[in-house]
Amino acid sequence: MCGRFTLRAPASRIVEVFQLDAAPDWSPRYNIAPTQQVFAVRADGTTRHGVLLRWGLVPSWADQLDKSGRMINARAETVAVKPAFRRLIARRRCLVVADGYYEWQKRDGGKQPYWIHRSDDGLFAFAGLWDRWEKGDEPVESCTIITTDANRLTRSIHDRMPVILEPEHYQRWLDPANHDVSSLQQLLVPNEQQPLRADPVSTYVNQVRNEGPRCIEAVAL
DNA sequence: CCAGACGTTGTT
DNA sequence: GTCTGG
DNA sequence: CCAGACGTTGTT
DNA sequence: GTCTGG
């Protein structure tokens with residue numbers, strides 16, 4: 001699954017890598033948690049914009065903003081049929097930009113966090129869905145990250161992982177005119193292409209208030 | 001028809 | 001909004 | 001995902 | 001145990 005991740009790159013680098021026409025400011029983050037803002041990419045035709053979205057989907061029909069930190073993930077296997085996501089997969093897709101994410105491995109006596117990232121520390125993107133909620137004083141745009149089975153590298157840590165899209169699939173995923181759900185769903189598979197590595201890190205990352213390089217410092221097991 | 005849920009994870 | 005359960 | 005609260009009354 | 005907040 002994906003319940004915590006990193007994005008340390010400045011906005012300028014994200015703009016370059018994802019070829020964005022506009023983007024919000026971004027400060028390096030080592031411990032992005034649900035309910036916080038994430039850096040997402042949406043497309044308008046072939047033009048891509050960077051936007052900040054609240055992580056944890058608040059569907060347009062939700063009565064209240066709270067209690068929404070629950071839809072932080074959507075299962076790839078069922079996203080096209082679940083009422084909460086079905087309508088979004090056809091027309092409200094986005095990329096969630098990251099450069100690493102955390103998984104907790106259950107072991108005797110506790111949980112060991114791992115930081116999973118590209119061996120070259122490059123940026124990547126999760127497949128996401130977003131929505132706009134307008135029942136409060138201010139509209140809220142929020143998102144969820146799609147998950148799938150773990151890949152070979154991460155299977156021993158946890159049985160699920162976020163969907164990491166390949167750059168050549170970004171446009172197909174983002175294109176708002178693409179309503180071919182079955183071809184979109186084919187993209188939602190465990191990523192074996194990215195050169196990922198998994199480093200055990202200390203439980204410092206467990207606390208949401210902890211932030212900074214210490215979150216990703218590798219520890220010996 | 002209306003009312004109520006709408007999610008994932010992990011654990012049992 | 002849309003689906004399920006009654 | 002993990003951490004932390006989980007309650008009411010009345011007083012400051 | 002279960003819910004909320006980050």
Side-chain angles (χ1 to χ4, degrees), chain A residues 1-7 27 29-39 52-93 96 98-117 126-136 139-150 154-164 179 181 185 188 190 198-212 214-216 219:
Chain A
M1 92 135 341
C2 182
R4 222 67 84 73
F5 66 96
T6 61
L7 178 57
S27 302
R29 290 295 316 275
Y30 290 81
N31 199 2
I32 302 171
T35 71
Q36 298 178 352
Q37 302 246 274
V38 303
F39 193 111
L52 299 180
L53 303 177
R54 175 190 167 107
W55 184 17
L57 191 78
V58 184
S60 57
W61 41 260
D63 294 326
Q64 308 177 49
L65 182 59
D66 50 15
K67 300 194 220 166
S68 58
R70 291 187 278 181
M71 293 193 225
I72 65 170
N73 295 129
R75 289 177 65 88
E77 297 88 335
T78 54
V79 74
V81 296
K82 292 283 185 182
F85 304 128
R86 195 188 141 88
R87 121 201 111 85
L88 303 178
I89 184 94
R91 41 192 83 242
R92 294 210 152 167
R93 298 176 304 275
V96 177
D99 62 11
Y101 68 97
Y102 299 100
E103 290 287 10
W104 279 259
Q105 179 185 53
K106 289 206 320 171
R107 25 171 71 213
D108 295 338
K111 288 185 169 184
Q112 172 62 48
Y114 286 78
W115 181 52
I116 298 159
H117 59 109
F126 302 132
L129 303 173
W130 66 278
D131 205 356
R132 184 181 170 88
W133 179 81
E134 295 179 294
K135 292 187 173 178
V140 175
E141 291 191 330
S142 62
C143 66
T144 190
I145 294 171
I146 300 176
T147 62
T148 185
D149 284 329
T154 62
R155 204 142 47 204
S156 63
I157 300 170
H158 193 76
D159 64 342
R160 304 287 293 173
M161 74 180 292
V163 171
I164 297 172
H179 302 143
V181 172
Q185 202 161 12
L188 306 180
D199 292 326
V201 295
S202 83
T203 54
Y204 179 75
V205 71
N206 287 17
Q207 300 236 168
V208 170
R209 64 172 172 268
N210 290 339
E211 175 61 37
R214 193 170 152 196
C215 292
I216 62 167
V219 298

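Just so you know, these numbers use all the heavy atoms, side chains as well, and skip hydrogens, waters and symmetry mates. Keep in mind that what you see is a predicted model, and the values were worked out from it rather than measured.
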When we call it a touch if two heavy atoms are under 4.0 Å apart, what does A:D159 touch: a base, just sugar-phosphate, or nothing?
sugar-phosphate
If the condition is ring pair (Phe, Tyr, Trp, His ring centres under 6.0 Å), which residues does A:F5 pass it with, not counting sequence neighbours?
A:W55, A:F126
Verify the contact: side-chain N or O of A:T144 to OP1 or OP2 of B:dG7, cut-off strictly under 4.0 Å; return yes or no.
no
Less than 4.0 Å between a side-chain N and a carboxylate O, is that true for A:R160 and A:E77?
yes
Please work out if A:R75 contacts a base, only the sugar-phosphate, or nothing of the nucleic acid, heavy-atom cut-off 4.0 Å.
sugar-phosphate
Using a strict cut-off of less than 4.0 Å between a Lys/Arg side-chain nitrogen and an Asp/Glu carboxylate oxygen, indicate whether A:R155 and A:D149 qualify as a salt bridge.
no
Hey, what do you get for CD1 (A:I116) to CD1 (A:I157), rounding to the nearest 0.5 Å?
4.5 Å
Using a 4.0 Å cut-off to any heavy atom of chain A, which nucleotides of DNA chain C are the first and last in contact, reading 5' to 3'?
C:dG1 to C:dC3
Base, sugar-phosphate or nothing for A:F85? Non-hydrogen atoms, less than 4.0 Å.
sugar-phosphate
When both hydrogen-bonding distances must be under 3.5 Å and the geometry is Watson-Crick or G-U wobble, what is B:dT8 paired with, if anything?
none
Mind checking if A:T203 touches a base, just sugar-phosphate, or nothing, with heavy atoms under 4.0 Å?
nothing
Which is true for A:A62 with a 4.0 Å heavy-atom rule: it touches a base, it touches only sugar-phosphate, or it touches nothing?
nothing
Under a 3.5 Å cut-off for both distances, is C:dG5 Watson-Crick or wobble paired, and to whom?
B:dC2
Nearest-angstrom distance, C1' atom, E:dT4 to B:dG7:
15 Å
Ion pair A:E211/A:R209, N-O distance below 4.0 Å:
no
Does D:dC2 have A:W104 stacked on its base, where the ring centres are within less than 5.5 Å and the planes differ by under 30°?
no
Tell me whether the OP1 or OP2 atom of B:dG7 has a side-chain N or O from A:N73 closer than 4.0 Å.
no
Do the rings of A:Y102 and A:W104 sit parallel, tilted or perpendicular, given the 30° and 60° boundaries?
tilted
Are A:T6 and A:D99 close enough that a side-chain donor and a side-chain acceptor fall under 3.5 Å?
yes
Take atom CG of A:L129 and atom P of B:dG7, then tell me their distance rounded to the nearest Å.
12 Å
